Amino acid sequence: MVFRSAIALLLLSSAAFADEYRSKANDGFDYYKNGEYDKAVEYYRQAGILMPDKALPKVGKGAAMYRSNDLEGAIKEFESAASTGNKRLAADMRYNIGNSKYKTEDYKGAIESYVEALKLNSDEIDYKHNLEMALSQLQQQEQQQEQNQDGDKDGDQKQDQQDQQKQQNQDENQQKNQDKDQQNQQDSEQDKKQNQQQLADEQEMSEEEAENLLARFEEDEKEIQEKLKQINIRGGSSRDW
């Protein structure tokens, strides 16, 4: 009797446990439909704790994360759901992973995921369609990168030309300054020569003036001597008085 009661309690507990799981999962789905993705993630998380082996909470949680642009988190949940062993589910999860990578513009990663999904289920039209889109986007992305690289090269060449022109202008300005300094030096030397010549002329004029002064002095000296002679005569004659 006790053994039977224990089994009954275990069954009742399991049933209650399963009901709580379903309740959490259903709440998560309701919040997801209403666009309340954060709440959906939380309820799917709680459901996953109650039933860790179930794929539904992982898929629901990943879908809610995808809608809220938590793409890294979504990829992790889809990866976890893909490992549950169900081939069809694994194919869909690879497809979802491809969509998540496509949204992040990781087109190479998206292509790899779509190819993996097609290997598991080659009949899905959506897989093929999204693969073609990813291939097209990858081609455009690579072309854009090539254009950007060419633009960078053109920009580098243009910058080199600008640098060369700048250096040429600097050299020309430096040469102009050197020519100007040389001209100033020549002008300075010319002015110096002119000043020296003028000074020499002034010196010559001074010597001429000195000769004139000397001549006048000699005349004055003669006059003084004559006057002195007169005085002496007068002086001598005065002793005769």
Side-chain angles (χ1 to χ4, degrees), residues 3-138 140-141 144-145:
F3 180 72
R4 291 179 180 177
S5 297
I7 293 176
L9 289 174
L10 181 60
L11 291 173
L12 289 173
S13 176
S14 298
F17 195 77
D19 288 340
E20 185 179 1
Y21 161 77
R22 284 192 292 270
S23 176
K24 298 293 184 183
N26 289 335
D27 288 341
F29 181 69
D30 290 337
Y31 282 122
Y32 178 85
K33 288 191 301 181
N34 293 330
E36 299 180 72
Y37 301 119
D38 291 341
K39 290 182 178 179
V41 168
E42 176 58 26
Y43 277 92
Y44 278 127
R45 185 189 69 81
Q46 294 177 15
I49 292 173
L50 294 171
M51 294 283 188
D53 296 333
K54 295 289 186 179
L56 176 61
K58 299 179 178 65
V59 175
K61 186 178 177 183
M65 288 180 168
Y66 178 88
R67 293 295 181 182
S68 61
N69 287 322
D70 182 4
L71 300 176
E72 291 184 3
I75 290 172
K76 290 179 180 179
E77 294 299 324
F78 294 145
E79 289 279 5
S80 179
S83 64
T84 57
N86 186 306
K87 184 178 179 180
R88 179 57 186 269
L89 178 63
D92 286 340
M93 293 303 100
R94 293 300 171 191
Y95 171 76
N96 288 344
I97 293 169
N99 291 342
S100 300
K101 291 183 178 181
Y102 185 97
K103 200 171 182 180
T104 64
E105 298 183 358
D106 178 13
Y107 301 120
K108 287 184 179 180
I111 290 169
E112 292 174 357
S113 296
Y114 292 141
V115 170
E116 290 175 358
L118 284 168
K119 288 180 180 179
L120 295 171
N121 185 5
S122 60
D123 296 330
E124 273 292 344
I125 297 176
D126 290 340
Y127 299 177
K128 297 176 182 179
H129 175 72
N130 284 16
L131 174 60
E132 292 174 356
M133 290 181 59
L135 289 169
S136 176
Q137 290 295 328
L138 178 62
Q140 293 181 18
Q141 187 181 64
Q144 184 64 40
Q145 289 174 352

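On a predicted model such as this, the values are computed, not experimentally measured, just so you know. Sequence positions, counted from 1, serve as the residue numbers for this chain.
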Contact summary for [X] and [Y], nearest pair of heavy atoms:
X	Y	answer
N86	L89	OD1-N, 2.9 Å
A18	M51	CA-CE, 4.1 Å
A90	A82	CB-O, 3.6 Å
A110	A134	CB-CB, 4.4 Å
G62	A74	O-CB, 3.4 Å

Nearest 0.5 Å, please: how far is [atom2] in [Y] from [atom1] in [X]?
X	Y	atom1	atom2	answer
R67	E36	CZ	CD	15.5 Å
D106	L71	CG	CG	11.0 Å
L118	L131	CG	CG	6.0 Å
K39	D30	NZ	CG	12.0 Å
Y95	S100	OH	OG	10.5 Å
M93	S83	CE	OG	11.0 Å

task = Could you point out which residue of I49, N26, L50 forms a side chain to side chain contact (heavy atoms under 4.5 Å, CB included) with Y21?
result = L50
query = Within the distance-only criterion (no hydrogens, no angle test), does the side chain of Y44 pair as donor or acceptor with the backbone N or O of F29 below 3.5 angstrom?
reply = yes
request  = Give a yes or no on whether the backbone of K119 and the side-chain of S122 come within a donor-acceptor separation of less than 3.5 Å.
outcome  = no
task = Assess whether side chain to side chain contact (heavy atoms under 4.5 Å, CB included) is satisfied between V59 and D92, documenting all intermediate values.
result = CA-CA 10 Å; V59 175; D92 286 340; over 6 Å; no
query = Are Q140 and Q144 close enough, and set up right, to give a side chain to side chain donor-acceptor pair (under 3.5 Å), and what steps lead you there?
reply = CA-CA 6 Å; Q140 293 181 18; Q144 184 64 40; over 6 Å; no
Within the 4.5 Å heavy-atom criterion, are [X] and [Y] side-chain neighbours or not?
X	Y	result
N69	K103	yes
Y32	V41	no
N96	Y66	no
K128	M133	no
R88	E124	yes
S113	Y102	no

Salt bridge (charged side-chain N to carboxylate O under 4.0 Å, His left out) between D19 and R22, worked out = CA-CA 5 Å; D19 288 340; R22 284 192 292 270; 2.3 Å; yes
query = After noting the C-alpha distance and the side-chain angles of L135 and Y107, does the key distance pass the side chain to side chain contact (heavy atoms under 4.5 Å, CB included) rule?
reply = CA-CA 7 Å; L135 289 169; Y107 301 120; over 6 Å; no
query = Pick from K101, K58, R94: which one makes a salt bridge (Lys or Arg N to Asp or Glu O under 4.0 Å) with E79?
reply =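 The single option meeting the salt bridge (Lys or Arg N to Asp or Glu O under 4.0 Å) with E79 is R94.
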